[in-house]
A.B. asks: 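Once you've had a glance at the structure underneath, I'll fire off some questions.
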There are 2 protein chains.
Amino acid sequence: MNTVERIEAGEDVTTRQGEVLDAVLSLLVEGAALTMSAVARRASCSKETLYKWFGDRDGLLRATVQWQASRVRAGNYERQKLDATALRESLEQFAANWLSVITSRTSIALNRVAIADAGSGKSNLGAIVLENGRFAIGERLKPLLEDAREAGLLHFDDAEEAFRTFFGLAGRDVQIRALLGETLVLSKQDIARDAALVTRQFFALYGASQLPVKAG
Amino acid sequence: MNTVERIEAGEDVTTRQGEVLDAVLSLLVEGAALTMSAVARRASCSKETLYKWFGDRDGLLRATVQWQASRVRAGNYERQKLDATALRESLEQFAANWLSVITSRTSIALNRVAIADAGSGKSNLGAIVLENGRFAIGERLKPLLEDAREAGLLHFDDAEEAFRTFFGLAGRDVQIRALLGETLVLSKQDIARDAALVTRQFFALYGASQLPVKAG
DNA sequence: AAAGCACCGTACCGTACGTTACGGTTCGGT
DNA sequence: ACCGAACCGTAACGTACGGTACGGTGCTTT
């Protein structure tokens with residue numbers, strides 16, 4: 001079980017183990033039933049190895065979620081002196097990145113298993129996904145918002161609330177529609193346009209040059 | 001299978017069948033494993049009857065989703081001459097209603113099974129839920145927005161886009177967090193405050209005039 | 001070269017669950 | 001009173017799948 005714990009930490013994954021986890025991801029993305037036998041077949045490994053490395057089916061799922069999370073983790077935002085243009089570009093980038101993540105087949109598949117799991121309460125996949133998705137982007141975006149406030153570009157009392165507004169403006173109904181099976185095809189242009197719109201709207205609400213909407 | 005089709009239409013559900021579907025809902029809400037045996041036990045009916053009425057497990061799920069949907073369907077918005085105050089109240093009501101729906105245990109449970117189902121592609125529960133959730137509220141809210149534009153209270157080109165903005169501002173990260181297992185407790189006051197904030201923000205983006213401020 | 005190890009492939013076991021079958025009971029119609 | 005339909009409770013069947021055991025193979029170490 002020590003192996004399991006190392007993997008649960010989301011690191012020290014050997015290349016071979018990474019191949020196995022990629023096999024899991026490929027099965028998930030295909031919507032195929034995720035049986036241990038199917039994983040072993042797809043990864044060309046034995047079930048015995050799966051159990052040795054990951055403990056049980058649940059551990060395999062956890063490892064997969066963290067494997068994908070560790071890969072998605074983008075570089076952190078670098079605190080900097082901001083001007084309005086740099087802020088706008090950063091916000092657009094955040095929005096575009098988030099939109100492309102939540103519409104990716106991998107993200108959709110992983111969120112599906114995590115949500116199903118959260119229902120049965122077996123494991124804590126939901127918490128892991130939440131931690132690496134919604135909360136991770138929050139922790140990355142809030143420093144930007146605070147720097148922008150520091151620079152007098154934005155106006156808000158609560159960074160968390162401002163972030164949640166940005167999150168809502170960016171995500172809208174996209175994620176729930178994707179999760180519920182609607183096939184949304186967002187081209188690069190669609191995403192760029194939406195990201196620009198979101199950013200404009202966010203500026204309208206929290207930009208210092210505009211009249212800020214104050215929180216109740 | 002004719003029985004199944006009648007039930008798929010979401011109507012002609014006898015009281016006894018409704019009791020069975022309520023049993024399904026209660027099991028779902030509890031997060032219990034939804035086996036046919038468990039349903040039969042909970043509903044005090046025989047499995048044979050379940051299969052006779054609903055065809056198979058999938059049909060039972062479909063019937064349950066539509067059963068709940070038909071019950072949630074609120075009264076339609078009545079087109080009316082709007083003033084700013086009536087508009088604000090209507091929007092706040094929409095937002096508050098939506099927030100309380102998506103945080104209700106029933107909605108969360110139902111969305112979970114629909115999302116899990118959408119992954120395996122077995123049935124079309126996802127489409128049904130989407131139709132009765134996100135799209136239903138869209139069709140109910142858009143007439144209000146258009147009346148408001150007619151009355152010169154709102155400015156927008158595309159009612160769909162305006163609605164999606166409202167949807168995003170209202171929902172934010174609430175639904176995904178709930179689906180992923182975070183237990184959000186929103187009191188009446190929380191919801192009312194959020195609904196007011198959302199409405200203020202929406203007015204800031206699309207309002208043609210100054211938002212009338214609620215007293216207190 | 002020999003031994004040990006990590007792993008693959010596969011057969012196997014136990015259980016859970018969807019589905020079917022059947023005997024017993026209630027009840028409305030004749 | 002009798003019949004049949006509808007339904008309940010439960011037993012039984014088949015299968016899918018999580019988990020385990022085991023023989024075979026190639027690679028590393030000594």
Side-chain angles (χ1 to χ4, degrees), chain A residues 1-8 12-24 26-28 30-65 112-113 116-117 119-125, chain B residues 1-7 12-24 26-28 30-65 112-113 116-117 119-123 125:
Chain A
M1 297 294 167
N2 46 1
T3 308
V4 174
E5 273 148 17
R6 275 196 285 115
I7 290 178
E8 276 186 9
D12 288 353
V13 177
T14 69
T15 55
R16 181 71 181 112
Q17 289 170 342
E19 290 172 20
V20 171
L21 298 181
D22 283 335
V24 175
S26 74
L27 284 174
L28 284 179
E30 292 170 16
L34 194 78
T35 71
M36 299 301 276
S37 300
V39 172
R41 207 176 316 124
R42 174 66 58 97
S44 293
C45 73
S46 74
K47 284 167 66 170
E48 191 176 27
T49 301
L50 291 183
Y51 284 98
K52 185 178 179 186
W53 284 349
F54 306 103
D56 56 6
R57 183 176 185 279
D58 212 63
L60 178 61
L61 246 30
R62 262 201 305 274
T64 303
V65 167
R112 282 201 180 122
V113 301
D117 176 272
S120 66
K122 280 270 305 180
S123 178
N124 57 340
L125 292 188
Chain B
M1 297 295 164
N2 46 358
T3 308
V4 174
E5 274 148 17
R6 274 197 285 115
I7 290 177
D12 286 354
V13 177
T14 69
T15 56
R16 182 69 181 114
Q17 289 170 342
E19 289 172 22
V20 171
L21 298 181
D22 282 336
V24 175
S26 74
L27 284 174
L28 284 179
E30 291 170 17
L34 193 79
T35 70
M36 299 300 277
S37 299
V39 172
R41 207 175 317 123
R42 175 66 59 96
S44 294
C45 73
S46 74
K47 291 209 252 177
E48 190 177 26
T49 301
L50 291 183
Y51 284 98
K52 185 178 178 187
W53 284 348
F54 306 103
D56 55 8
R57 185 176 184 278
D58 211 65
L60 177 60
L61 246 30
R62 261 201 305 274
T64 304
V65 167
R112 281 203 181 119
V113 303
D117 176 272
S120 66
K122 279 274 303 180
S123 180
L125 293 187

A.B. asks: B:Arg112 side chain to B:Leu28 main-chain N or O, any donor-acceptor pair under 3.5 Å?
C.D. replies: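 No: the side chain of B:Arg112 does not pair with the backbone of B:Leu28.
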A.B. asks: Does any part of the side chain of A:Val24, heavy atoms only, come nearer than 4.5 Å to the side chain of A:Leu60, both counted from C-beta?
C.D. replies: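 Heavy-atom side-chain distance check passes, below 4.5 Å.
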A.B. asks: How many Å lie between CZ on A:Arg16 and P on D:dG26, as a whole number?
C.D. replies: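 The distance from CZ of A:Arg16 to P of D:dG26 comes to 16 Å, rounded to the nearest Å.
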A.B. asks: Any protein N or O atoms within reach of nucleotides 4-6 of chain D? Criterion: under 3.5 Å, listing atom names and distances.
C.D. replies:
none

A.B. asks: A:Leu50 has an atom CG; how far is it from atom C1' of C:dG9, in whole Å?
C.D. replies: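 About 12 Å, once rounded to whole Å.
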A.B. asks: Answer whether the closest heavy-atom distance between the side chains of A:Val39 and A:Arg57 falls below 4.5 Å.
C.D. replies: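 Answer no - side chains too far apart.
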A.B. asks: Using atom NZ of A:Lys122 as one end and atom C1' of D:dC17 as the other, report the distance to the nearest whole Å.
C.D. replies: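 Those two atoms, NZ and C1', are 13 Å apart.
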A.B. asks: Over all heavy atoms of both residues, which pair between A:Asp58 and A:Ser123 is shortest? Give the atoms and the distance, please.
C.D. replies: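 Distance-wise, the nearest heavy atoms are OD2-CB, 2.8 Å.
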A.B. asks: Please name the pair of heavy atoms, one in A:Arg42 and one in A:Ser26, separated by the smallest distance, quoted to 0.1 Å.
C.D. replies: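 Reported closest heavy-atom pair: NH1-OG, 2.9 Å.
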A.B. asks: Using the side-chain contact (heavy atoms from CB on, under 4.5 Å) rule, take B:Trp53 and B:Leu21 through it: C-alpha gap first, then chi angles, then the decisive distance, then the call.
C.D. replies: CA-CA 11 Å; B:Trp53 284 348; B:Leu21 298 181; over 6 Å; no
A.B. asks: DNA chain D: B:Ala40 or A:Thr35, which has the more 5' nearest nucleotide?
C.D. replies: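 It is B:Ala40 whose nearest nucleotide is closer to the 5' end.
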A.B. asks: In this structure, how many angstroms lie between the P atom of C:dT19 and the CG atom of B:Asp58, rounded?
C.D. replies: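 The distance from CG of B:Asp58 to P of C:dT19 comes to 9 Å, rounded to the nearest Å.
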A.B. asks: Take the protein atom CZ of A:Arg57 and the nucleotide atom P of D:dG18, then report the distance between them rounded to whole Å.
C.D. replies: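 About 5 Å, once rounded to whole Å.
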A.B. asks: How many Å lie between CE on A:Met36 and C1' on C:dA16, as a whole number?
C.D. replies: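 Atom CE in A:Met36 sits about 17 Å away from atom C1' in C:dA16.
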A.B. asks: For A:Leu60, answer base if it contacts any base atom (sugar-phosphate contacts may also be present), sugar-phosphate if it contacts only those atoms, and nothing otherwise; contact means non-hydrogen atoms under 4.0 Å.
C.D. replies: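 Contact class for A:Leu60: none.
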A.B. asks: Only counting residues at least two apart or in another chain, list the ones meeting side-chain hydrogen bond (donor to acceptor under 3.5 Å, both in side chains) with A:Ser37.
C.D. replies: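 Counting only residues at least two positions away or on another chain, A:Ser37 forms a side-chain hydrogen bond (donor to acceptor under 3.5 Å, both in side chains) with A:Lys47.
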A.B. asks: Using a strict heavy-atom distance below 4.0 Å, which residues from residues 41-49 of chain A are in contact with DNA chain C?
C.D. replies: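 Close to the strand are A:Ser44, A:Cys45, A:Ser46, A:Glu48, A:Thr49.
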A.B. asks: Begin from the C-alpha positions of B:Leu61 and B:Leu125 and carry the test side-chain contact (heavy atoms from CB on, under 4.5 Å) through to its verdict.
C.D. replies: CA-CA 8 Å; B:Leu61 246 30; B:Leu125 293 187; 4.0 Å; yes
A.B. asks: Is there side-chain contact between B:Asp56 and B:Met36, with heavy atoms separated by less than 4.5 Å?
C.D. replies: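 Answer no - side chains too far apart.
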A.B. asks: Could you state the OH-P distance from B:Tyr51 to D:dC7, rounded to the nearest angstrom?
C.D. replies: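 Rounded to the whole Å, the gap is 17 Å.
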